[in-house]
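Each chain gets a letter, A, B and so on, in the order the sequences are listed, and its residues count up from 1. Basis for what follows: all heavy atoms, side chains included, without hydrogens, waters or symmetry-related copies.
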Protein chains: 2
Amino acid sequence: MTLRVVIADDEDLIRAGLRIIVEAEPDLTVVGEAADGAEVVPMVRQQRPDVVLMDVRMPSVDGIQATRLLTALAEPPKVIVVTTFDNDDYVYDALRAGASGFLLKRTRPADLVQAIRVVSAGDSLLFPSAVRALAVSRAGARPHPGIARLTAREADVLRLMARGLSNAEIAGELVVGGETIKSHVGNVLAKLNARDRTQAVIAAYESGFHSPADHR
Amino acid sequence: MTLRVVIADDEDLIRAGLRIIVEAEPDLTVVGEAADGAEVVPMVRQQRPDVVLMDVRMPSVDGIQATRLLTALAEPPKVIVVTTFDNDDYVYDALRAGASGFLLKRTRPADLVQAIRVVSAGDSLLFPSAVRALAVSRAGARPHPGIARLTAREADVLRLMARGLSNAEIAGELVVGGETIKSHVGNVLAKLNARDRTQAVIAAYESGFHSPADHR
DNA sequence: AACACCCTCCCCCACACGGGGGATTTCCCG
DNA sequence: CGGGAAATCCCCCGTGTGGGGGAGGGTGTT
């Protein structure tokens, strides 16, 4: 059984390149091309492909919105969002829109076809820097070195700071005196090299530190 | 060259199962097991494995925190976080903690060893519902309603607040008087329903507001 | 013209915050 | 046992911050 693929990209060159890669595989076939997000929906409705390769940046209706529309269909195809830049903010949006995969245009052909097979099998995947970008949120932010040097208590305090609590509130939450919190906060600021609590909270967010363990 | 693996899981049965799967591969070898997040760090420090299979739920120090500690090491191993449930909230936290991969315990052995090879090669990967959980969990952080009501200037100010600048610094950056900034900040706080600048910055981060387009 | 809104700047004031010290107990580790 | 780190609490003090007002100039809408 061959996998039916639709390619959506506004650049003819890219479409051609993708088509060649896909058609080179015996079990894959391109059943349609769209140059715009507006074209892709009726095309999918008609062709019922297994997988759609979707460019992010397209005129009128962009790839994200198009993905949203496609996944809202009765029998939605799997959508793999393809983009040029690895520090792309669209990763997150793409996934929320219902995309099954996200990868870069510079991905090797072998990986691309691999991705098509994987998502069509029901799995999802992301590639390298996509995951990193997502995990790290949006900024180019690796964990702040100082965070590892926080003591348990200091980490508690930072966590609560990152939830917007005042010193007094934190004191209440941790059932200790207000002066104690001031101490801890001071230490946290020093270790994180932050001037004030706002900078500390920013560091916490940039490091993906904020409250790993509270759901309510 | 064989890949060195450390297994961290509090359940003996799971550890045994994982070990069997891993050891079955000629190019993989288990160089250590840990029953707790607290054990895994010194073990990794000593064994210097290429990959760590990390359970999420463990006594004292959980898998996320342990991952955080491991990726903070000088030569961090790749960490693959393993969990039981697919609707797990930990996906996102795991990735932010620096994990290279995330997969389910019910993953087929072949996929597991495949994952080990992939991450050790420098790639990242996620499996099935992990991605979905990721997208959803991230969706929990929808934009604060108030943010849309900010004026252009107020948005500028919030952006700079979210970079840790003081009012005086913001004033310098925007080339206006300090009193002006106080005004804007006050308006921002009101619109975001924030008590202080820290809460405003948190709202900004939660909304994915922070400067999509500035790196330096 | 009148109005609304935004941006700009100003004054007064209370207080939470952060920096500078120091003191105590507990507990772990060598 | 002694040293050290962590956690707790205390005092003093300067100031950045935020709340309460108000006022002027600009722009666009009605």
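- Close to D/dG18, at under 4.0 Å from its OP1 or OP2, lies no side-chain N or O of B/Arg195.
- Considering only residues two or more places apart in sequence or on other chains, A/Asp36 meets the side chain to side chain donor-acceptor pair (under 3.5 Å) condition with A/Ser60.
- Distances from the side chain of A/Glu179 to the nucleotides C/dC10, D/dC11, D/dA7 place D/dC11 closest.
- Proximity of B/Thr151 to the phosphate of C/dC5: no side-chain N or O atom is located under 4.0 Å from OP1 or OP2.
- Atom CG of A/Leu192 is separated from atom P of C/dG18 by 12 Å (rounded to the nearest Å).
- The salt bridge (Lys or Arg N to Asp or Glu O under 4.0 Å) test applied to B/Glu169 returns A/Arg195, not counting sequence neighbours.
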message: Taking Watson-Crick (N1-N3 plus N6-O4 or O6-N4) and G-U wobble (N1-O2, O6-N3), each under 3.5 Å, can you produce the dot-bracket string of DNA chain C? Use [ ] for crossing pairs and | for inter-strand ones.
response: |||||..|||||||||||||||||||||||
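- We find that CD of B/Gln199 is positioned 10 Å from P of D/dG18, with the value rounded to whole Å.
- Checking each of A/His184, A/Glu179, A/Arg197 against A/Asn167 for a side-chain hydrogen bond (donor to acceptor under 3.5 Å, both in side chains) leaves exactly one that passes, namely A/Arg197.
- Residues that satisfy the side chain to side chain contact (heavy atoms under 4.5 Å, CB included) test with B/Val41, not counting sequence neighbours, are B/Arg45, B/Leu69, B/Leu70.
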Please list, one pair per line, the donor and acceptor atoms closer than 3.5 Å that link side chains of residues 7-18 of chain B to other protein atoms, with sequence neighbours excluded.
{"from": "B/Asp9", "atom 1": "OD1", "to": "B/Glu11", "atom 2": "N", "distance (Å)": "2.9"}
{"from": "B/Asp9", "atom 1": "OD2", "to": "B/Lys105", "atom 2": "NZ", "distance (Å)": "3.3"}
{"from": "B/Asp12", "atom 1": "OD1", "to": "B/Arg15", "atom 2": "NH2", "distance (Å)": "2.7"}
{"from": "B/Arg15", "atom 1": "NE", "to": "B/Glu33", "atom 2": "OE1", "distance (Å)": "2.8"}
{"from": "B/Arg15", "atom 1": "NH1", "to": "B/Asp9", "atom 2": "O", "distance (Å)": "2.8"}

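- Atom-to-atom, CZ of A/Arg153 to C1' of D/dA5 comes out at 16 Å; the value is rounded to the nearest Å.
- For the segment residues 165-177 of chain A, residues with any heavy atom less than 4.0 angstrom from an atom of DNA chain D are, sorted by number, A/Val176, A/Gly177.
- Annotation for B/Lys191 and B/Thr151: closest pair NZ-CG2, 3.8 Å, computed over non-hydrogen atoms.
- Residues from residues 181-189 of chain A lying near DNA chain C, meaning a heavy-atom separation below 4.0 Å, are A/Lys182, A/Val185, A/Leu189 in numerical order.
- Taking all atoms of both residues into account, the shortest heavy-atom contact from A/Ala34 to A/Met43 is N-SD, 4.3 Å.
- A/Glu39 contributes a side-chain N or O that, together with a main-chain N or O of A/Ala35, makes up a donor-acceptor pair within less than 3.5 Å.
- Straight-line distance from the CE atom of A/Met161 to the C1' atom of C/dA16: 14 Å, rounded to whole Å.
- Annotation: side chain of A/Val82 is not in contact with side chain of A/Met54 (no heavy-atom distance under 4.5 Å).
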- prompt: With the sugar-phosphate defined as primed atoms, P, OP1 and OP2, and the base as all remaining atoms, what B/S/- string results for nucleotides 23-30 of chain C, 5' to 3', for protein heavy atoms under 4.0 Å?
  reply: --------
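- Side-chain contact between A/Val201 and B/Tyr205 is absent, with no heavy-atom pair separated by less than 4.5 Å.
- Across all non-hydrogen atoms, the minimal contact from B/Ile202 to A/Ala162 is CD1-O, 3.1 Å.
- Qualifying side chain to side chain contact (heavy atoms under 4.5 Å, CB included) partners for B/Leu174, counting only residues two or more places apart in sequence or in other chains: B/Arg153, B/Asp156, B/Val157, B/Leu160, B/Ile170, B/Val176, B/Ile181.
- Residues B/Thr2 and B/Thr29 bring no donor and acceptor atom of their side chains to less than 3.5 Å of each other.
- When the side chain to side chain contact (heavy atoms under 4.5 Å, CB included) test is applied to A/Leu189, the partners found at least two apart in sequence or on another chain are A/Val185, A/Ala194, A/Ala200.
- With sequence neighbours left out, B/Glu23 forms a salt bridge (Lys or Arg N to Asp or Glu O under 4.0 Å) with B/Arg19.
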field: Protein proximity profile, nucleotides 25-30 of chain D - base contact B, sugar-phosphate-only contact S, no contact -, cut-off 4.0 Å on heavy atoms
entry: ------
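- One interatomic measurement links the two molecules: CG of B/Asp156 to C1' of C/dC6, which rounds to 13 Å at whole-angstrom precision.
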task: For side-chain contact (heavy atoms from CB on, under 4.5 Å), just list the numbers for B/Gln199 and B/Leu192, CA-CA rounded to whole Å, side-chain angles, deciding distance to a tenth of an Å, and then say yes or no.
output: CA-CA 9 Å; B/Gln199 290 188 351; B/Leu192 296 189; over 6 Å; no
